[in-house]
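Inspection log for the structure reproduced underneath, given as structure tokens.
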Amino acid sequence: MAGNEGYKEYSKEFDKTNNDFPQEYTNKIVNDNSLEVLKKLPDNCVDLTFTSPPYNFGMGYDTHEDKTDWHKYFDMLWQIFDECIRVTKHGGRIIVNTQPLFSEYIPSHHIISKGFMDRGLIWKAEILWEKNHRNCAYTAWGSWKSPSGPYFKYTWEFLEVFCKGNLKHPGDSAKADITGNEFKTWVDAKWSIAPERRMKNYGHPAMFPPELAYR
């Protein structure tokens, strides 16, 4: 198959009728259960969803047990992701920030990507978020100087980008406010952005920096 048509072997048709986003939630921060709020939204009403779900690392959340059976963990994610797919507009995007649990050899980014593709979404891109810090600190380096079982160290996370129904998002490009330099920088799929370091100030164990959401 020539050109960029390969994705059509995996993508599916979605309803092309888009709806308005509810006024009661517009320009508001809603601090509530994600699944319950998503269920209140109409189909095809969101242009872009950007989410960073718990990683099942054992982080100290107040309302979530972040270390559970992996099948239970992914079942929980897909209850929410399925609602995200439902509310996303035809031509809209879903972006998932995730990091594999390297110590347990669970490639979360691959498992999540396969789940979205199995549901007919188009895999648009994988952005490497370079955090430039050692987020895995080892003292023994696994099998030191031996190939039998060394630990690999990572300084990055992933942003998996998916499209619903169409690779192209409709709109008036003349209204885009991105600069030429921003465009050239941001289409490079490696983003060097320092991690958020003020988490204690906000009482959250796993914040991502505003710059990541801004882009």
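Put simply, the residue from Thr17, Asn18, Asn44, Asp47 that forms a side chain to side chain donor-acceptor pair (under 3.5 Å) with Lys89 is Asp47.
When all heavy atoms are compared, the tightest approach of Leu101 to Ser108 is N-OG, 4.2 Å. Between Ala213 and Phe208, the shortest heavy-atom distance links the atoms CB-CE1, 4.1 Å. Here the closest heavy-atom approach between residue Gly165 and residue Ile122 is recorded as C-CD1, 4.2 Å. The shortest heavy-atom contact between Cys84 and Leu38 is SG-CD1, 4.0 Å. For the residue pair Pro42 and Pro22, the shortest heavy atom distance occurs at CD-CG, 3.5 Å. In this structure, Trp129 and Pro195 approach most closely via the heavy-atom pair CZ2-CA, 4.2 Å.
A salt bridge between Asp118 and Lys114 is present, with a side-chain N of the basic residue lying under 4.0 Å from a carboxylate O of the acidic one. Between Glu36 and Lys40 there is no salt bridge, since no side-chain N of the basic residue sits under 4.0 Å from a carboxylate O of the acidic one.
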Inset, instruction - Give the intermediate values and the outcome of ring-ring contact (aromatic ring centres under 6.0 Å, His included) for residues Phe50 and Tyr214. - result: CA-CA 10 Å; Phe50 178 32; Tyr214 176 70; over 10 Å; no
Inset, instruction - Quick one: do Asn132 and Ser192 satisfy side-chain contact (heavy atoms from CB on, under 4.5 Å)? Show the steps, please. - result: CA-CA 7 Å; Asn132 293 308; Ser192 293; 3.9 Å; yes
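Residue Leu159 holds its CG atom at 7.0 Å from CD1 of Ile95, rounded to the nearest 0.5 Å. Rounding to the nearest 0.5 Å gives a distance of 12.0 Å between CD1 of Ile80 and OG1 of Thr49. The distance from the CD atom of Gln99 to the CD1 atom of Ile106 is 13.5 Å, given to the nearest 0.5 Å.
A heavy-atom distance below 4.5 Å is not found between the side chains of Phe21 and Val87. Annotation: side chain of Tyr7 is not in contact with side chain of Cys163 (no heavy-atom distance under 4.5 Å). In this structure, His71 and Tyr73 have side chains that are not in contact, with every pair of non-hydrogen atoms separated by 4.5 Å or more. Using a 4.5 Å heavy-atom cutoff, the side chains of Ile94 and Ile85 are in contact. Using a 4.5 Å heavy-atom threshold, the side chains of Lys28 and Tyr25 count as separate. Between Leu121 and Thr88, every side-chain heavy-atom pair lies at or beyond the 4.5 Å cut-off. Leu35 has its side chain within reach of Lys39: a pair of non-hydrogen atoms, C-beta onward, lies under 4.5 Å apart. Side-chain contact between Ile112 and Leu77: present, with at least one pair of heavy atoms (C-beta onward) separated by less than 4.5 Å.
With no hydrogens or angles considered, a side-chain donor-acceptor pair links Ser146 and Ser148 at under 3.5 Å. In this model, a donor atom of one side chain and an acceptor atom of the other lie less than 3.5 Å apart for Glu160 and Ser113. Side chain to side chain, Lys16 and Asn166 fail the donor-acceptor criterion of an N or O pair below 3.5 Å. Defined by atom type and a distance below 3.5 Å, a donor-acceptor pair is present between the side-chain atoms of Thr155 and Glu130. Looking only at atom types and distance, the side chain of Glu104 has a donor-acceptor partner in the side chain of Trp70 under 3.5 Å away. Side-chain N/O atoms of Asp15 and His90 include no donor and acceptor closer than 3.5 Å.
When atom types are taken as modelled, the side chain of Arg93 and the backbone of Lys124 share no donor-acceptor pair closer than 3.5 angstrom. A donor-acceptor pair under 3.5 Å is absent between the side-chain atoms of Lys190 and the main chain of Leu128, judged by distance alone. Without hydrogens or angle criteria, Trp123 side chain to Met117 main chain gives no donor-acceptor distance under 3.5 Å. Trp191 places no side-chain N or O within 3.5 Å of a backbone atom of Ile127 that could act as its donor or acceptor partner. The backbone N or O of Phe158 sits less than 3.5 Å from a side-chain atom of Asn97, completing a donor-acceptor pair.
Remark: Lys168 NZ is loosely packed, at most 12 non-hydrogen atoms of other residues, nucleotides or ligands lying under 6.0 Å away. Around the CG atom of Asp172, the shell of radius 6.0 Å holds more than 12 heavy atoms that belong to other residues, nucleotides or ligands. More than 12 heavy atoms of other residues, nucleotides or ligands sit less than 6.0 Å from atom CG of Asp69.
Ring-plane geometry between Phe116 and Phe162 is classed as parallel, the angle between the planes falling under 30 degrees on a 0 to 90 degree scale with a further cut at 60.
Remark: Arg119 qualifies as a cation-pi partner of Trp78 under the 6.0 Å distance and 45° angle criteria applied to the six-membered ring.
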